[in-house]
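Let me begin by presenting the structure, written as structure tokens, before commenting on it.
Because the structure is predicted, anything quoted here is derived from the model rather than measured.
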Amino acid sequence: MKNLLFLIFILSLIVLGEAQVAYQMLMLSLQWTPTVCLVNTCDAGKVASFTKKFTIHGLWPGNHYNPQPKCPQYYYNSFEPKTVSLKGQLAVNWPNMLAADDEFMFWAPEYEKHGTCMVNGGSFQQGDYFDTTLKLKWQVEAISDIRVALSSIQPNNLEPLNKILLLLRSTYNVYPQLACPWTQKNTLAEVRFCFDKFTLQLINCQNTIVVCGTGSGGTDIMIPG
């Protein structure tokens, strides 16, 4: 009997550990289509629809100095009702630009790697993850389109990283994070905004630069036109 009770106790700890993942903030990653298609083979039809736009890469629960917590393993469900109802908005705001891949190949891994950290029993499910991601994108865009915030930056010209950060800071009143591809370290790929996990209000990202401006790129990067 004691052994059975001990086993139940251990199993309860495992379940609780999976259901209550510790993280401090949310990071919304918005990717710049020209850079995505510079380093990947994109679908020509989608490129025509999303040329020179920032679209969603993902929403990532994380910690300021240890960004990626280990999320529980739940699988993407294409038939989850709320996800189905959001598919039209997701296709517009969260397109998969890669050739030969459909949206499922993008949405499913993002949910399974990152979104499952936010699942909390019956109160927050898969569809809520996608709904929250869309709303946070619209919250950023209600302040300003990133393209407008960076309108003084000439396309394809190398510009100081700090100049770009300060332009974004002056528009959004927080410091976002800039990210570049490993193969194109002087080319802006993503602007990432950080949010308080409880209030969903914008906060400063602690790490403002990822990969960008290293190697031959120095401290300057460009935004492809």
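- Of the inter-residue distances, the one linking Asp196 atom CG with Leu202 atom CG reads 10.5 Å to the nearest 0.5 angstrom.
- Checking side-chain atoms of Ser123 against main-chain N and O of Asn120 turns up a donor-acceptor pair under 3.5 Å.
- Put simply, Met105 and Leu59 are part of the same group of oily side chains (I, L, V, M, F, W, Y) that touch within less than 4.5 Å, one to the next.
- Between the side chain of Asn156 and the main chain of Gly225, a donor-acceptor pair closer than 3.5 Å is present.
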Name every donor-acceptor pair, under 3.5 Å, that has one atom in a side chain of residues 36-47 and the other anywhere in the protein, sequence neighbours excluded.
unit_1, atom_1, unit_2, atom_2, d
Asn40, ND2, Val36, O, 2.9
Asp43, OD1, Gly45, N, 2.9
Asp43, OD1, Lys46, N, 3.0
Lys46, NZ, Asn96, O, 2.8
Lys46, NZ, Glu103, OE2, 3.1

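- By the side-chain contact (heavy atoms from CB on, under 4.5 Å) test, Pro155 pairs with no residue at all, sequence neighbours left out.
- To the nearest 0.5 angstrom, Phe198 atom CZ is 13.0 Å from Met25 atom CE.
- Here the side chain of Trp32 pairs a donor or acceptor atom with the backbone of Pro224 at under 3.5 angstrom.
- Residues forming a salt bridge (Lys or Arg N to Asp or Glu O under 4.0 Å) with Lys87 (at least two apart in sequence, or on another chain): none.
- The backbone N or O of Leu167 lies less than 3.5 Å from a partner atom in the side chain of Thr171, making a donor-acceptor pair.
- Between Trp94 and Phe106, the ring planes lie perpendicular to each other; the angle is over 60°, past the 30° to 60° tilted range.
- Partners of Glu141 according to the salt bridge (Lys or Arg N to Asp or Glu O under 4.0 Å) rule, which considers only residues two or more places apart in sequence or in another chain, are Lys137.
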Review item, side-chain donor-acceptor pairs of residues 143-152, under 3.5 Å, at least two apart:
unit_1, atom_1, unit_2, atom_2, d
Asp145, OD1, Arg147, N, 2.7
Asp145, OD1, Arg147, NE, 3.1
Asp145, OD2, Arg147, NE, 3.3
Asp145, OD2, Arg147, NH2, 2.8
Arg147, NH1, Lys52, O, 2.9
Ser151, OG, Val148, O, 3.0

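- Put simply, the side chain of Leu200 reaches to within 4.5 Å of the side chain of Leu136, judged on heavy atoms.
- Not a single salt bridge (Lys or Arg N to Asp or Glu O under 4.0 Å) links Lys113 to another residue, sequence neighbours left out.
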Kindly determine whether Leu134 and Ile56 satisfy side-chain contact (heavy atoms from CB on, under 4.5 Å), including the steps that lead there. CA-CA 8 Å; Leu134 288 170; Ile56 297 170; 4.2 Å; yes

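- Grouping the Ile, Leu, Val, Met, Phe, Trp and Tyr side chains by contacts below 4.5 angstrom, directly or via other members, places Phe50 apart from Phe54.
- Residues forming a salt bridge (Lys or Arg N to Asp or Glu O under 4.0 Å) with Asp102 (at least two apart in sequence, or on another chain): none.
- Taking Lys197 as the reference, Tyr23 meet the side-chain contact (heavy atoms from CB on, under 4.5 Å) condition, with sequence neighbours excluded.
- For Asn157, the side-chain contact (heavy atoms from CB on, under 4.5 Å) partners at least two apart in sequence or on another chain are Gln154, Glu159.
- The ring pair (Phe, Tyr, Trp, His ring centres under 6.0 Å) pairs that include a residue from residues 148-178 are Tyr172-Phe193, where partners are two or more places apart or lie in different chains.
- Judged by distance alone, the side chain of Thr116 and the main-chain N or O of Gln73 form no donor-acceptor pair under 3.5 Å.
- Within the 4.5 Å cutoff, side-chain heavy atoms of Leu28 are placed close to those of Phe195.
- Taking 4.5 Å as the limit, some side-chain heavy atom of Ile164 sits within range of a side-chain heavy atom of Ile153.
- When atom types are taken as modelled, the side chain of Gln206 and the backbone of Asn63 share no donor-acceptor pair closer than 3.5 angstrom.
- The line from CE of Met27 to CH2 of Trp60 is 7.5 Å long, rounded to the nearest 0.5 Å.
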The test is side-chain hydrogen bond (donor to acceptor under 3.5 Å, both in side chains); show your working for Glu112 and Tyr75 and say whether it passes. CA-CA 6 Å; Glu112 291 172 1; Tyr75 293 104; over 6 Å; no

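- Applying the salt bridge (Lys or Arg N to Asp or Glu O under 4.0 Å) definition to pairs two or more places apart or across chains, those involving residues 118-134 are Lys82-Asp128, Lys82-Asp131, Asp131-Lys135.
- Relative orientation of the Phe130 and Tyr76 rings is perpendicular, given thresholds of 30° and 60° on the angle between their planes.
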Can you give me every donor-acceptor pair (side chain of residues 176-184, partner residue at least two apart or in another chain, under 3.5 Å) with its distance?
unit_1, atom_1, unit_2, atom_2, d
Gln177, OE1, Arg192, NH1, 2.8
Gln177, NE2, Asn207, O, 2.7

